[in-house]
Amino acid sequence: MSEKTIIAPSVLSADFARLGEEVETVCRAGADWIHLDVMDGHFVPNITFGPPVIKAIRSRTDKVFDCHLMIAPADPFLGAFAEAGCDIITVHAEVTTHLDRSLQAIRDLGCKAGVSLNPSTPETTIEYVLDRLDLVLLMTVNPGFGGQAFIPSAVEKVRRVKSMIGSRPIHIEIDGGVTPETAPLVAAAGADVLVAGSAVFKGGSEEAYARNIAAIRAASDGAMQKAA
């Protein structure tokens with residue numbers, strides 16, 4: 001949907017001892033969105049943070065807060081994440097029996113609505129809710145931990161989702177194993193938002209973050225332009 005790639009660094013890989021400063025630093029380094037990986041130790045085998053932490057760092061930037069809820073159930077907590085300052089709230093199709101209802105609830109809260117699919121979940125799961133969506137997040141690793149290797153079969157899944165979306169103004173976001181090497185694969189297939197954690201935050205300085213973001217952006221933008 002975007003003419004250029006949107007880079008959304010995941011703060012999961014930031015220094016949590018200075019999280020607010022890390023958000024400010026990565027934004028100065030070129031981040032377009034801030035990606036917030038919320039995990040509950042139930043749906044995924046890890047626990048991260050919740051609405052109070054998001055609310056605490058909201059004042060550090062006016063960039064889009066892109067909230068990825070890896071929690072089950074998700075619906076009872078949507079209001080809290082909206083109140084904390086999330087602009088986009090993405091729920092997993094695997095955690096709700098009533099996906100259409102969940103997406104309506106997110107939009108009713110004034111947020112943009114996203115749905116995420118695990119690597120083994122077919123894209124046909126979202127066929128009947130496309131008109132409720134602002135974003136489709138495709139997991140290219142199994143959710144729960146940062147630093148995992150990219151799953152190559154996801155590239156064809158991106159192409160199929162792009163075809164399903166057609167002319168609808170829906171972002172396709174990729175989460176997992178994004179590097180300058182994998183970014184062009186998914187960008188050429190139709191993805192326009194890339195989540196990167198360790199690939200952005202390695203180096204530990206604003207200069208390093210800027211180099212890392214620029215490398216991913218250059219690789220993905222080049223592939224996107226060739227595919228256009």
Handout entry: Lys112 vs Leu135, side-chain contact (heavy atoms from CB on, under 4.5 Å): CA-CA, chis, key distance, verdict
Key = CA-CA 8 Å; Lys112 292 188 175 181; Leu135 179 145; over 6 Å; no
Handout entry: Intermediate values then yes/no, salt bridge (charged side-chain N to carboxylate O under 4.0 Å, His left out), Arg58 and Asp87
Key = CA-CA 11 Å; Arg58 178 66 273 191; Asp87 299 291; 3.0 Å; yes
Problem - Chi angles and distances behind the side-chain contact (heavy atoms from CB on, under 4.5 Å) call for Ile71, Phe81 - result: CA-CA 12 Å; Ile71 64 175; Phe81 284 100; 4.2 Å; yes
Handout entry: Val11 and Phe49: CA distance, side-chain angles, deciding distance, side-chain contact (heavy atoms from CB on, under 4.5 Å) verdict
Key = CA-CA 11 Å; Val11 298; Phe49 50 80; 4.0 Å; yes
Handout entry: Step-by-step side-chain contact (heavy atoms from CB on, under 4.5 Å) determination, Ile170 to Ile172
Key = CA-CA 7 Å; Ile170 300 173; Ile172 299 178; 5.6 Å; no
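Taken to the nearest 0.5 Å, the CG atom of Leu194 stands 5.0 Å off from the OG atom of Ser220. A distance of 9.5 Å separates CG of Asp134 from CD1 of Ile106, quoted to the nearest 0.5 Å. Annotation: the span from Thr61 atom OG1 to Ile34 atom CD1 amounts to 6.0 Å, rounded to 0.5 Å. Residue Leu138 holds its CG atom at 10.5 Å from CG of Asn118, rounded to the nearest 0.5 Å. Here CZ of Phe150 is found 7.0 Å from CD1 of Ile174. Values are rounded to the nearest 0.5 Å. Taking CG from Leu36 and CD1 from Ile54, the interatomic distance works out to 4.5 Å, rounded to the nearest 0.5 Å.
Sequence neighbours left out, the pairs with a member in residues 209-228 that pass salt bridge (Lys or Arg N to Asp or Glu O under 4.0 Å) are Asp32-Arg217. Within the structure, every pair that satisfies the salt bridge (Lys or Arg N to Asp or Glu O under 4.0 Å) test and touches residues 93-105, not counting sequence neighbours, is listed here: Asp100-Arg132. Residue pairs satisfying the side chain to side chain donor-acceptor pair (under 3.5 Å) criterion with at least one member in residues 47-56, sequence neighbours excluded, are absent. For residues 203-228, the ring-ring contact (aromatic ring centres under 6.0 Å, His included) pairs, not counting sequence neighbours, are Phe201-Tyr209.
Closest of all the heavy-atom pairs between Gly177 and Val141 is N-CG1, 3.8 Å. Among all heavy-atom pairs drawn from Gly203 and Ala208, the shortest one is CA-CB, 3.7 Å. Cys86 approaches Cys111 most closely through the heavy-atom pair O-SG, 3.3 Å. For the residue pair Pro180 and Ala219, the shortest heavy atom distance occurs at O-CB, 3.4 Å.
The side-chain hydrogen bond (donor to acceptor under 3.5 Å, both in side chains) check on Glu123 picks up Arg160, with sequence neighbours excluded. Residues satisfying the side-chain hydrogen bond (donor to acceptor under 3.5 Å, both in side chains) criterion with Thr182, sequence neighbours excluded, are Thr179.
Under a 3.5 Å cut-off, the side chain of Lys157 and the backbone N or O of Thr121 do form a donor-acceptor pair. Between the side chain of Thr90 and the backbone N or O of His68 there is no donor-acceptor pair closer than 3.5 Å. Here the side chain of Lys63 pairs no donor or acceptor atom with the backbone of Cys27 at under 3.5 angstrom. With hydrogens and angles ignored, the 3.5 Å screen pairs no side-chain donor or acceptor of Asp175 with any backbone N or O of Met139. Asn212 places a side-chain N or O within 3.5 Å of a backbone atom of Lys202 that can act as its donor or acceptor partner. Formation of a donor-acceptor pair under 3.5 Å by the Thr25 side chain with backbone atoms of Glu206 is not found in this model. Side-chain N or O atoms of Thr96 include none that pairs as donor or acceptor with a backbone N or O of His92 at under 3.5 Å.
Under the 30°/60° scheme for interplanar angles, the aromatic rings of His171 and Trp33 are found to stand perpendicular.
Ion pairing between a basic and an acidic side chain is recognised when a charged N comes within 4.0 Å of a carboxylate O; Asp131 and Arg168 show such pairing.
The hydrophobic cluster containing Val129 also contains Val161, counting ILVMFWY residues as joined when their side-chain heavy atoms lie under 4.5 angstrom apart, directly or transitively. Clustering ILVMFWY residues whenever any of their side-chain heavy atoms sit less than 4.5 angstrom apart, transitively, puts Ile6 in a cluster other than the one holding Val195.
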